[in-house]
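The structure under discussion is supplied below as structure tokens; questions concerning it will follow.
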Amino acid sequence: MSGTVLVTGGAGYVGSHTAKALAAAGYRAITLDNLSRGFAHAVQWGPLERGDILDRDFLDAVMTRWRPQAVLHFAALAYVGESVSDPARYWRNNVVGSLTLLEAMRDHGVGRIVFSSTCATYGLPVRLPLAEDHPQAPISPYGATKLAVERMLADLDPAHGLRSVALRYFNAAGADPAGELGENHEPETHLIPLAIGAALGTAPRLKIFGTDYPTADGTCIRDYIHVTDLAAAHVAALGYLEAGGASTACNLGTGAGLSVRQIVTEVANVAGRPVPADEGPRRAGDPPELVADPARARQLLGWTPRCSDVASVISTAYAWSTRQRLRNAP
Ligand code: UFG
């Protein structure tokens, strides 16, 4: 495989891991990122174009300079809670920004896009595991903005021949096994880095949000998918589109759920010390259980998770966190 692809949000968590996978597959990956949430040091496998997807002149200049054959579109704001308190910002960045990007692609004749969508587009599950034909009824502005972009993609294909794969991530987790990349969110809100931070003493005691859910141990169940497996799925989706595949949406998850308590236990095992934790009330908007049916990604993209077992997820995340701690030591 070869050719030039544009990676919006390539300085972020999933985008940077995917840029590495694209380079390994023989692509020239051009990262476009405004560095509002990403990091220049995470852009290691191709040039960085620093700018915003809302800036049409900038998009025109980048597309004229590099003439990409496809776009992998990660650039987005992705905090559920922040989207509730500042929804307009999410609609502008995620929806107007994506529309600006899609118009630029249309006008520059770039006919393929792999889009970072989310299981948050489903809202509260009415049946599990969640397959792609499950009703999409998001319960947060974040999920609504991602669903709006999916709808745009569905309309632009018949009108302009812009083919797309929307990849609906479940819980992205883990870090590059080679240690070159990892998860750096500011602020950090995700369970695994917070549990590791609590074990290492670099973060406060973990708060377990809710122990009265209708699950086996009372805590929420999520489908954690290793970021390296997510990256491989993007490369597979690009290959699918290059082979002429029709527009589609695919879940990216393992098909198996883990509870908050199971994650905390595994973090303690890997760290070799307890995770200081307190049990607290539920966090608003958390469904009890989110687990993917990943069959379509397997059938269409030939993708299966390879390193999403809980030990690999936690041990790579832990190795990354300890490395960061050494780097930040005085
Ligand atoms: N949790 C805690 N304590 C914490 C943080 C999280 O108990 O300090 C729990 C949550 O309540 C949840 C689980 O750990 O049950 C996982 O929470 P995360 O915040 O790590 O992830 P979410 O499932 O909330 O979010 C993920 C993605 C979002 C996506 C969302 C869809 O990160 O992008 O799933 O529901 F929108």
Side-chain angles (χ1 to χ4, degrees), residues 9 12-15 37 74-84 87 90 93-94 115-125 128-130 134 136-150 166-174 183-185 187-199 202-227 230 251-254 257-267 275-292 310 313-314 317:
Y13 175 42
V14 185
R37 302 253 157 120
F74 300 90
L77 298 172
Y79 289 115
V80 173
E82 184 183 61
S83 80
V84 175
Y90 273 68
N93 189 85
N94 294 2
F115 171 60
S116 298
S117 191
T118 168
C119 65
T121 60
Y122 294 119
L124 296 173
L128 288 165
L130 287 149
H134 184 283
Q136 287 180 291
I139 56 169
S140 69
Y142 168 66
T145 64
K146 289 287 182 175
L147 179 58
V149 178
E150 286 200 16
L167 295 174
R168 297 180 187 150
Y169 311 165
F170 282 66
N171 284 57
E183 187 168 10
N184 285 318
H185 291 118
E188 187 54 76
T189 62
H190 294 102
L191 174 64
I192 292 173
L194 288 175
I196 291 172
T202 56
R205 295 171 66 82
L206 182 72
K207 285 196 192 68
I208 295 178
F209 295 145
T211 53
D212 60 347
Y213 284 98
T215 59
D217 68 17
T219 64
C220 285
I221 292 175
R222 295 288 179 273
D223 186 339
Y224 295 89
I225 180 81
H226 198 288
V227 66
L230 290 181
N251 287 334
L252 296 181
T254 65
L258 292 166
S259 73
V260 172
R261 286 196 207 278
Q262 286 175 303
I263 292 288
V264 169
T265 300
E266 186 65 21
V267 170
V275 176
D278 300 310
E279 297 182 359
R282 295 182 178 192
R283 182 172 69 177
D286 275 340
E289 183 168 355
L290 293 172
V291 175
V310 66
V313 166
I314 304 295

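Counting starts at 1 for both ligands and their atoms, following the listed order.
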Query raised in the report: Can you list the ligand 1 atoms lying under 4.0 Å from a non-hydrogen atom of C119?
Result: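 Near C119, the atoms of ligand 1 are 31 (C).
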Requested in this report: Report yes if some N/O of L191 lies less than 3.5 Å from some N/O of ligand 1; otherwise report no.
Outcome: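 Yes - when backbone and side-chain N and O of L191 are compared with those of ligand 1, one distance drops under 3.5 Å.
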Query raised in the report: Numbering the atoms of ligand 1 from 1, which are under 4.0 Å from a heavy atom of V80?
Result: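 Atoms satisfying the 4.0 Å criterion: 36 (F).
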Query raised in the report: Is a donor on one side and an acceptor on the other found under 3.5 Å between the side chain of D223 and the backbone of G253?
Result: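 No.
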Query raised in the report: Relative to the heavy atoms of L194, which atoms of ligand 1 are at a distance of less than 4.0 Å?
Result: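 Numbered from 1, ligand 1 contributes 8 (O).
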Query - atom 15 (O) of ligand 1: the protein heavy-atom neighbour that sits closest, reported with distance to 0.1 Å - result: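 Of the protein heavy atoms, C220 CB, 2.9 Å lies nearest.
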Query raised in the report: With no hydrogens and no angle check, is any side-chain donor or acceptor of Y90 less than 3.5 Å from a backbone partner on A76?
Result: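 No; zero donor-acceptor contacts below 3.5 Å.
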Requested in this report: Quick one: look up the protein heavy atom nearest atom 26 (C) of ligand 1 and list residue, atom name and how far away it is.
Outcome: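 Of every protein heavy atom, N171 ND2, 3.6 Å lies nearest to atom 26 (C) of ligand 1.
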**Report entry** Contact check: K207 vs ligand 1, nitrogen or oxygen atoms, below 3.5 angstrom
**Finding:**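 Yes; the residue has a nitrogen or oxygen that sits under 3.5 Å from a nitrogen or oxygen of the ligand.
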Query raised in the report: Is there a heavy atom in Y224 that sits closer than 4.0 Å to ligand 1?
Result: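 It does, in that a heavy atom of Y224 comes within the 4.0 Å cut-off of ligand 1.
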Requested in this report: Measure the distance from atom 36 (F) of ligand 1 to every protein heavy atom, then report the residue, atom name and distance (to 0.1 Å) of the closest one.
Outcome: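 It is Y142 CE2, 3.1 Å.
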Query raised in the report: Can any side-chain N or O of R282 pair as donor or acceptor with the backbone N or O of P288 at less than 3.5 Å?
Result: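 No, because the side chain of R282 does not come within donor-acceptor range (under 3.5 Å) of the backbone of P288.
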Query raised in the report: Is F209 close to ligand 1, meaning an N/O of one under 3.5 Å from an N/O of the other?
Result: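 Between F209 and ligand 1, an N or O pair is found under 3.5 Å apart.
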Report task. Mind listing the closest non-hydrogen atom pair of A198 and P204 along with its distance? Result ->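 What the structure gives for the nearest pair is CB-O, 3.4 Å.
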Query raised in the report: Any idea which part of Y169 is under 4.0 Å from ligand 1, heavy-atom wise: side chain, backbone, both or neither?
Result: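 No part of Y169 comes within reach of ligand 1.
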Query raised in the report: So, N94 side chain and L77 main chain: donor-acceptor pair closer than 3.5 Å or not?
Result: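 Yes; at least one donor-acceptor contact below 3.5 Å.
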**Report entry** Which segment of P287 sits under 4.0 Å of ligand 1 when only heavy atoms are counted
**Finding:**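 Neither; nothing of P287 gets under 4.0 Å from ligand 1.
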Query raised in the report: Hey, is the main chain of D217 close enough, under 3.5 Å, to the side chain of R261 for a donor-acceptor pair?
Result: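 A pair under 3.5 Å: yes.
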**Report entry** Smallest separation among heavy atoms of N251 and L130, with atom names
**Finding:**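 Looks like ND2-O, 2.7 Å.
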Query raised in the report: Any idea which protein heavy atom is nearest atom 35 (O) of ligand 1, and the distance to it?
Result: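 Here the closest protein heavy atom is L290 CD1, 3.5 Å.
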Query raised in the report: Taking the inter-plane angle between the rings of H190 and H185 on a 0 to 90° scale, is it parallel (under 30°), tilted (30 to 60°) or perpendicular (over 60°)?
Result: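 Ring orientation, 0 to 90° scale: tilted.
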Requested in this report: Using atom types as modelled and distance alone, determine if a side-chain donor or acceptor of Y224 lies under 3.5 Å from a backbone N or O of G174.
Outcome: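 Looks like no, no N/O pair under 3.5 Å.
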Query raised in the report: Considering only protein heavy atoms, which is closest to atom 29 (C) of ligand 1, and at what distance to one decimal place?
Result: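 The answer is T118 OG1, 3.8 Å.
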Query raised in the report: Which residue holds the protein heavy atom closest to atom 9 (C) of ligand 1, what is that atom called, and what is the gap in Å?
Result: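 So the nearest neighbour among protein heavy atoms is V260 CG2, 3.8 Å.
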Query - Shortest heavy-atom approach to atom 11 (O) of ligand 1 - which of D286, T189, T211 - result: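 Selected option, by shortest heavy-atom distance: D286.
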Query - Short side-chain to backbone donor-acceptor contact, Y79 and P187, under 3.5 Å - result: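 Yes, the answer is positive, given that a donor and an acceptor are paired below the 3.5 Å cut-off.
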Query raised in the report: For I139, which of L124, V84, V80 qualifies under side-chain contact (heavy atoms from CB on, under 4.5 Å)?
Result: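 Option passing the side-chain contact (heavy atoms from CB on, under 4.5 Å) with I139: L124.
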Query - Selected option - heavy-atom contact closest to atom 17 (O) of ligand 1, from R283, R222, H190 - result: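 The residue whose heavy atom sits nearest atom 17 (O) of ligand 1 is R283.
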Report task. Provide the number and element of each atom of ligand 1 under 4.0 Å from a heavy atom of I208. Result ->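 Matching atoms, with element in brackets: 7 (O).
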